[in-house]
Enquirer: 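For reference, the structure I am asking about is given below.
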Amino acid sequence: MHSKKWETRRIRFVLFLLVFGAGGCGTFNTNTCSIGNAITVPASDATPPTTSGMDIFVPNQPKFTVSPTAGPFTVAVGGDDKIALVAGGEDPQGIQNVKIWLDEIWYTAPGSTQVGINHIIAQNPHKTSVGDDGCSARLTTFTLDIKQRREIESAIGYDAVLTSEAVNFGGGTVKSKYMKLEWNRHP
């Protein structure tokens, strides 16, 4: 059972998503965005996004935030934990996509590992053309279920390495530093 403090965090997190929108820019209503500012998609953008960051909510832990200047962090997690991830990016000329990347290692027996390929587990692309409406910021969310992930390889230990990436309309990118989650790392 989760503590009262954790329940309060979950309620705040859900309220955050309801207020700011879990899907990024949300529905356009005459150039309004649920986060960031309304922009017109430029023909080019030679600079990288201003920032990319991710908040990681681990049960019974403080909130962790990784960005290009914050992190990396490593934290032990429980075998049944569900980790809430909220990634975002900003660029004054607009954000086309925000991605959450996952790299995994399963420890299947003492001294034996299976390495997962670094892959995108969540993203929120904005499908638009030059001159269309866009937003200067976007979000994407994901819940990482440690039990589900570790059972893929019948693991006795599991590591998850998470990063976020923001992509602007010119194709420029910026990545956060990583957050490493370890379950039963030294069986």
Side-chain angles (χ1 to χ4, degrees), residues 1-24 34-35 51-90 97-125 137-167 174-187:
M1 178 152 249
H2 294 295
S3 70
K4 187 172 184 161
K5 183 177 179 182
W6 172 246
E7 292 301 320
T8 301
R9 283 185 187 164
R10 285 178 51 186
I11 291 167
R12 285 182 186 156
F13 177 68
V14 170
L15 289 173
F16 170 82
L17 293 179
L18 289 173
V19 171
F20 293 106
S34 54
I35 65 167
T51 191
S52 175
M54 181 167 46
D55 288 339
I56 300 105
F57 299 87
V58 177
N60 303 311
Q61 298 277 344
K63 175 185 81 172
F64 294 90
T65 299
V66 291
S67 71
T69 59
F73 300 106
T74 300
V75 67
V77 296
D80 294 329
D81 284 353
K82 292 183 178 173
I83 314 302
L85 310 169
V86 180
E90 291 184 75
N97 198 359
V98 173
K99 304 173 185 179
I100 299 174
W101 290 85
L102 172 65
D103 195 10
E104 300 174 286
I105 300 172
W106 294 271
Y107 299 89
T108 54
S112 177
T113 61
Q114 297 291 328
V115 177
I117 297 172
N118 191 16
H119 58 281
I120 298 168
I121 57 170
Q123 63 179 323
N124 184 14
R138 294 188 75 68
L139 295 175
T140 192
T141 63
F142 188 79
T143 300
L144 183 66
D145 185 332
I146 299 299
K147 182 177 182 181
Q148 180 186 55
R149 301 305 303 171
R150 68 184 171 88
E151 289 178 349
I152 290 173
E153 296 288 338
S154 301
I156 60 172
Y158 173 76
D159 290 351
V161 179
L162 300 154
T163 57
S164 67
E165 178 183 28
V167 182
V174 65
K175 280 193 171 186
S176 70
K177 292 187 178 178
Y178 69 85
M179 173 72 174
K180 184 176 183 184
L181 306 173
E182 297 179 340
W183 169 74
N184 203 26
R185 177 60 176 85
H186 302 286

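Being a predicted model, the structure only gives us computed values, none of them experimental.
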Enquirer: Rounded at 0.5 Å granularity, tell me how far CD in Glu104 sits from CZ in Arg149.
Expert: 4.0 Å
Enquirer: Is a side-chain N or O of Asp80 found less than 3.5 angstrom from the main chain of Lys147, in a donor-acceptor match?
Expert: no
Enquirer: Between Ile56 and Val75, is there a side-chain heavy-atom distance shorter than 4.5 Å?
Expert: no
Enquirer: Apply side chain to side chain contact (heavy atoms under 4.5 Å, CB included) to the pair Val86 and Phe57, showing each step before the final yes or no.
Expert: CA-CA 9 Å; Val86 180; Phe57 299 87; 4.2 Å; yes
Enquirer: Check side chain to side chain contact (heavy atoms under 4.5 Å, CB included) between Val161 and all other residues, then give those that pass, not counting sequence neighbours.
Expert: Asp103, Tyr178, Lys180
Enquirer: Kindly compute the distance separating NZ (Lys63) from OG1 (Thr65), expressed to the nearest 0.5 Å.
Expert: 4.0 Å
Enquirer: For Ala160, enumerate each residue passing the side chain to side chain contact (heavy atoms under 4.5 Å, CB included) test, keeping only those at least two apart in sequence or located in another chain.
Expert: Leu102, Leu144, Tyr158, Leu181
Enquirer: Mind listing the closest non-hydrogen atom pair of Ser52 and Ser176 along with its distance?
Expert: O-CB, 3.9 Å
Enquirer: Kindly compute the distance separating CD1 (Ile100) from CZ (Phe142), expressed to the nearest 0.5 Å.
Expert: 8.0 Å
Enquirer: Charged N to carboxylate O under 4.0 angstrom, Asp145 versus Arg150?
Expert: no
Enquirer: Among all residues two or more places apart in sequence or in another chain, which pass the ring pair (Phe, Tyr, Trp, His ring centres under 6.0 Å) test with Phe64?
Expert: Phe73
Enquirer: For the pair Thr51 and Val174, evaluate side chain to side chain contact (heavy atoms under 4.5 Å, CB included) and give the outcome as yes or no after the intermediate values.
Expert: CA-CA 7 Å; Thr51 191; Val174 65; 5.6 Å; no
Enquirer: Kindly write out the residues that satisfy side chain to side chain donor-acceptor pair (under 3.5 Å) with Thr163, not counting sequence neighbours, or none if the list is empty.
Expert: none
Enquirer: Using a 4.5 Å cut-off on heavy atoms from C-beta on, say whether the side chain of Asp81 contacts that of Asn60.
Expert: no
Enquirer: Listed by chain and number, what are the side chain to side chain donor-acceptor pair (under 3.5 Å) partners of Trp106, not counting sequence neighbours?
Expert: none
Enquirer: If the condition is side chain to side chain contact (heavy atoms under 4.5 Å, CB included), which residues does Lys99 pass it with, not counting sequence neighbours?
Expert: Asn97, Trp101, Ile120, Gln123, Glu165, Val167
Enquirer: Roughly how far apart are Ser164 OG and Lys177 NZ, rounded to 0.5 Å?
Expert: 12.5 Å
Enquirer: How about Ile83 and Pro59: do any of their side-chain heavy atoms sit closer than 4.5 Å?
Expert: yes
Enquirer: Distance check, rounded to the nearest 0.5 Å: Asp55 atom CG versus Thr141 atom OG1?
Expert: 12.0 Å
Enquirer: Measure the CD1-OG1 distance between Ile152 and Thr108 for me, rounded to the nearest 0.5 Å.
Expert: 13.5 Å
